[in-house]
Amino acid sequence: MAEAAGFQATERPRGRWLRRTVTLLTGVLLLVGLLQVPHASTAQAAPTGSRTVDVTIDSMSPPTPSEGDTVTVSGTLINDGRSTITDAKVAMHRGSAIGGRSSIESLSRRTGYLAGADGEAVKGHTEKIDKLEPGVSQPFSLSVPVKDLDLTKDGVYQLGISLSGRSAAAPYGQVLGFDRTFLPWQESDSAKKTQLTYMWPLISSTHLTAETDADAQQTPVFRDDDLAAELAPGGRLQQMVSLAKNLPVTFVIDPDLLATVDAMTKSYRVNGPDGPMGKNQAVAKQWLHELEESAKTHEVVALPFADPDLASLAHHGKGVPSALSHLGPATDLADKTVDTILGVKPRTDFAWPVDGAIDSSIVDVATSAGAHNVITRSDSLREAGGLSYTPTAARPIGGGNTAVVADAQLSRAFEGDMSKAGNTAHAVQEFLAQTEMINLEDPGRQRSVVVAPQRMPTVSQAQAMATALRDLKQSGRWSQPLSLGGAAKAKPDRAATRHVPSGSSYPSSLRRRELPTDAFRQIQGTQDALDDYQVILAHPERVVTPFGNAIMREMSTQWRGNPTGAKAFRHSVRSYLDGLTKKVHLIQKSEATLSGRSATIPVTVQNNLVQGVRDMKLKLTSSQPNRLDAGKTQTITVDGGHSQSFKFDTTANANGRAWVTAQLYTSDGKPYGDPMTFQVNVTEITATVMLVIAGGVLLLVLAGVRIYLQRKRAAGRRAEDGTDGDGTDGDSGTDGDNGGTDGDQPEQPSDPTPDTGSESSDPSGSGEKVDR
């Protein structure tokens with residue numbers, strides 16, 4: 001007993017330590033296992049149940065079937081599981097009629113198969129699939145007559161395609177894959193069809209710079225030649241024009257695009273190290289021709305030139321002087337551009353903020369330039385009255401202005417990746433289903449619905465949009481087309497929301513992408529520099545037009561999400577303008593020396609521009625006017641590619657050095673360019689020296705008078721003494737000598753010549769010198 005007790009007492013601490021160590025190690029291993037197992041299972045997990053097979057509906061024909069039609073659904077099957085599927089078959093399911101627009105949206109997001117909710121398989125119409133290997137894609141096509149679908153009433157029905165079969169993971173037959181779409185069904189035309197307006201935007205990013213070549217044609221310089229790919233066959237803009245030819249749409253055009261393409265039809269140059277000449281004139285001409293023909297049969301709405309970012313102007317530009325003043329000229333230029341290039345008179349009374357998001361400040365800015373119709377969206381101007389139907393788009397919002405509220409769901413229907421056939425098929429069918437459901441909400445009330453899609457659809461998005469519009473037009477049972485102008489004039493619903501949201505409700509995601517206030521300050525600085533520059537030019541229109549357009553492009557909506565590109569473009573415009581202004585400058589003079597009371601100082605103006613400058617002022621200012629009066633201000637004119645010297649009459653009042661500053665001014669008195677300063681050394685003759693010279697001259701005169709009087713007295717004495725007889729030969733020779741001496745007039749000092757060595761020896765300017 002004692003031994004046993006002693007053993008326990010001795011061994012217990014060691015056993016406790018071992019047990020604790022083993023427990024700790026076991027816990028660590030379990031924790032590591034718990035951390036690793038989910039990761040491993042996630043990495044290795046395979047889809048199960050109704051998500052084992054990826055079923056994708058790629059097309060449905062006809063998209064809006066009528067009685068007597070056969071509905072054909074085609075698509076692809078991909079086995080995402082790890083085992084082969086056998087005894088498989090494809091079946092069509094017709095679900096019940098959908099209750100409303102929100103249900104359509106919910107169903108479009110749902111995945112997998114839900115028994116009961118997705119309807120039973122249509123009996124007698126299946127397609128057998130022998131087996132489906134893992135990772136293998138296989139097409140399918142299933143056709144079912146409309147009569148077998150048992151469509152009992154008008155409405156939107158869910159239509160599904162299932163893949164059923166067996167696999168190692170599912171040994172008994174079950175649904176292993178499912179996809180759904182929508183089947184709009186209406187036997188006859190609605191008594192009051194929904195009026196549908198579809199905006200068709202023709203907008204691109206900025207491609208033209210402010211730069212033009214120094215030739216008579218002012219050859220434009222492009223940032224790049226990327227626009228050619230959009231205009232070429234199969235390109236985005238080419239497709240937009242080609243697809244719209246027979247579609248009931250309203251063209252919404254950025255006139256800057258027309259001006260840019262029109263510039264491409266002539267000689268143009270692409271910016272870059274070598275500056276190659278553009279070669280895509282034929283593509284540009286063809287695109288413009290097709291658009292011109294299509295515009296004859298479509299309503300054309302012109303946005304302000306360069307599609308200015310109205311929200312950025314409202315939130316960040318209003319505090320910058322004259323920032324909003326660009327909207328009026330942009331609207332006027334839009335009207336002129338479209339009329340000139342396309343030969344049609346556009347509507348310019350519509351404004352389109354980004355994504356249709358508005359607040360009171362955006363509405364104020366949008367309507368400040370004459371746009372009385374503001375295109376917004378139903379997710380911005382939200383309904384708060386609990387309407388049971390989709391109201392008409394037009395809403396009066398006060399001040400004689402109308403908010404044209406585009407339907408958010410229809411407008412965003414084709415924003416995804418439409419390059420995949422399955423995505424396009426789903427988007428088209430959902431669009432058709434939504435338009436029918438709008439009509440079914442209140443069949444006895446005719447309403448006007450507007451669709452405002454993304455500003456620059458891709459090729460696949462444009463094709464999907466066109467497919468939906470063609471299908472809707474072909475059906476024609478519940479909708480009819482209406483122009484955007486007609487939609488703005490439609491009778492509004494009394495119960496529809498008309499309250500413009502406050503600034504706090506503006507989406508932060510959009511606000512973060514706006515142009516900052518500093519951008520508008522830079523734009524204003526460029527405009528001020530342009531205003532000062534154009535007044536000196538003989539032909540200001542050669543500069544005002546390209547730079548004015550470039551300044552409008554600096555405010556374009558297309559810079560959203562590209563702050564680096566926007567900043568670089570603003571910098572390039574200002575740098576090019578500054579470079580042009582410096583081509584008119586003063587040539588630096590070296591030190592000049594003036595000897596005398598008065599002299600002329602030439603100042604040379606160099607004009608390296610192609611055109612002449614006029615009505616400029618050139619002024620010299622002396623740092624010490626009590627020593628040197630620099631003369632009067634002169635009005636100057638200098639031809640293009642020339643330099644010209646202008647002489648200033650100066651007056652010296654005292655000896656010494658004086659700094660003289662030459663400065664150019666515009667006709668309205670603003671300094672132009674950098675001043676030019678040079679030194680003048682005045683070395684005027686002193687009063688003492690003048691007295692000495694005058695005294696010397698006086699002494700010479702007195703000496704001449706004295707000699708004359710002496711000779712006269714000597715001649716009188718000789719006459720009295722009769723010494724003019726004999727012996728006069730010798731006297732005559734002497735007198736002859738004296739006479740010869742007297743005949744030589746004393747040398748008179750000439751007036752001092754001004755010292756111009758300083759100006760003559762220094763190459764301060766071509767042909768410049770200081771003249772007295």
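Model, not experiment: these values are computed from the prediction.
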Less than 3.5 Å apart, which donor and acceptor atoms pair up between the side chains of residues 182-189 and the rest of the protein, not counting sequence neighbours?
| unit_1 | atom_1 | unit_2 | atom_2 | d |
| --- | --- | --- | --- | --- |
| Gln186 | NE2 | Ser188 | O | 3.0 |
| Gln186 | NE2 | Ser190 | OG | 2.7 |
| Gln186 | NE2 | Arg477 | O | 3.2 |

Would you be so kind as to tabulate the donor-acceptor pairs closer than 3.5 Å made by side chains of residues 136-149, with sequence neighbours excluded?
| unit_1 | atom_1 | unit_2 | atom_2 | d |
| --- | --- | --- | --- | --- |
| Ser141 | OG | Ser74 | OG | 3.2 |
| Ser143 | OG | Thr72 | OG1 | 2.8 |
| Asp148 | OD2 | His125 | NE2 | 2.7 |

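Of the candidates Asn79, Ile85, Val55, Ile85 is the only one forming a side chain to side chain contact (heavy atoms under 4.5 Å, CB included) with Leu176.
A heavy-atom distance below 4.5 Å is found between the side chains of Asp307 and Arg455. Between Pro62 and Gln474, every side-chain heavy-atom pair lies at or beyond the 4.5 Å cut-off. Side-chain contact between Met418 and Gln463: absent, with no pair of heavy atoms (C-beta onward) separated by less than 4.5 Å. Between Leu310 and Val374 the shortest side-chain heavy-atom distance does not fall below 4.5 Å. Side-chain contact between Gln480 and Gln446: present, with at least one pair of heavy atoms (C-beta onward) separated by less than 4.5 Å. No side-chain heavy atom of Val451 sits under 4.5 Å from any side-chain heavy atom of Asp407. Side-chain contact between Ile203 and Thr557: absent, with no pair of heavy atoms (C-beta onward) separated by less than 4.5 Å. Residues Ser388 and Glu441 are not in side-chain contact: their nearest non-hydrogen atoms beyond the backbone lie 4.5 Å or more apart.
Taking each heavy atom of Ser475 and Thr64 in turn, the nearest pair found is CB-OG1, 3.3 Å. Here the closest heavy-atom approach between residue Leu303 and residue Phe350 is recorded as CD2-O, 4.3 Å.
Between the side chain of Asp54 and the backbone N or O of Ile78 there is no donor-acceptor pair closer than 3.5 Å. Side chain of Thr348 to main chain of Ala302: no donor-acceptor pair is present (N/O by atom type, distance under 3.5 Å, no hydrogens or angles). A donor-acceptor pair under 3.5 Å is formed between the side chain of Gln454 and the backbone N or O of Phe414. Between the Ser556 side chain and the Trp559 main chain, no donor and acceptor come within less than 3.5 Å of each other. Under a 3.5 Å cut-off, the side chain of Arg180 and the backbone N or O of Gln158 do not form any donor-acceptor pair. Distance alone, capped at 3.5 Å, places no donor-acceptor pair between the Thr402 side chain and the Ala488 backbone. No donor-acceptor pair closer than 3.5 Å links the side chain of Asp355 to the backbone N or O of Ala357. Thr197 contributes a side-chain N or O that, together with a main-chain N or O of Leu482, makes up a donor-acceptor pair within less than 3.5 Å. Side-chain N or O atoms of Glu430 include none that pairs as donor or acceptor with a backbone N or O of Ala413 at under 3.5 Å. Formation of a donor-acceptor pair under 3.5 Å by the Arg513 side chain with backbone atoms of Pro563 is not found in this model.
Crowding of Glu120 atom CD: a count of heavy atoms from other residues, nucleotides or ligands under 6.0 Å not exceeding 12. Counting non-hydrogen atoms of other residues, nucleotides and ligands closer than 6.0 Å to CG of Asp417 gives a total above 12. Other residues, nucleotides and ligands contribute over 12 non-hydrogen atoms within 6.0 Å of the CG atom of Asp224.
Ring orientation note: the planes of Phe251 and His298 are tilted relative to one another, at an angle of 30° to 60°. Tyr113 and Phe178 have tilted rings, their planes meeting at an angle from 30° to 60° on a 0 to 90° scale.
By the side chain to side chain contact (heavy atoms under 4.5 Å, CB included) test, Glu383 is found to be paired with Leu387, Pro391, Arg395, Ala496, Thr497, residues two or more places apart in sequence or in another chain being considered. Here Asn280 pairs with Asp225, Tyr268 under the side-chain hydrogen bond (donor to acceptor under 3.5 Å, both in side chains) rule; sequence neighbours left out. Listed by chain and number, the residues in a side chain to side chain contact (heavy atoms under 4.5 Å, CB included) with Ser204 are His207, Leu227, Glu230, Arg236, Leu237, Leu257 (sequence neighbours excluded). Evaluation of the side chain to side chain contact (heavy atoms under 4.5 Å, CB included) rule for Ala452 yields Met199, Trp352, Ile375, Ala406, Ser411 as partners, not counting sequence neighbours.
The existence of a salt bridge linking Arg110 and Asp118 is confirmed by a sub-4.0 Å separation between a basic side-chain nitrogen and an acidic carboxylate oxygen. Asp442 and Arg447 are not joined by a salt bridge, as no carboxylate oxygen comes within less than 4.0 angstrom of a charged side-chain nitrogen. Classification of Glu127 and Lys89 as a salt-bridged pair fails, no side-chain N sitting under 4.0 Å from a carboxylate O. The pair Glu105-Arg101 does not count as a salt bridge, with every side-chain nitrogen at least 4.0 angstrom from each carboxylate oxygen.
Defined by atom type and a distance below 3.5 Å, a donor-acceptor pair is present between the side-chain atoms of His93 and Ser162.
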Go through the steps to decide whether Glu290 and Gln238 satisfy the test side chain to side chain contact (heavy atoms under 4.5 Å, CB included), and finish with yes or no. CA-CA 9 Å; Glu290 291 182 6; Gln238 188 274 334; 4.2 Å; yes
Pair Trp478, Leu440 - check side chain to side chain contact (heavy atoms under 4.5 Å, CB included), show working. CA-CA 9 Å; Trp478 57 79; Leu440 293 174; over 6 Å; no
Apply side chain to side chain contact (heavy atoms under 4.5 Å, CB included) to the pair Leu231 and Met264, showing each step before the final yes or no. CA-CA 11 Å; Leu231 303 176; Met264 285 185 67; 4.1 Å; yes
Steps toward side chain to side chain contact (heavy atoms under 4.5 Å, CB included) verdict (Val301, Thr250): CA-CA 7 Å; Val301 170; Thr250 293; 3.9 Å; yes
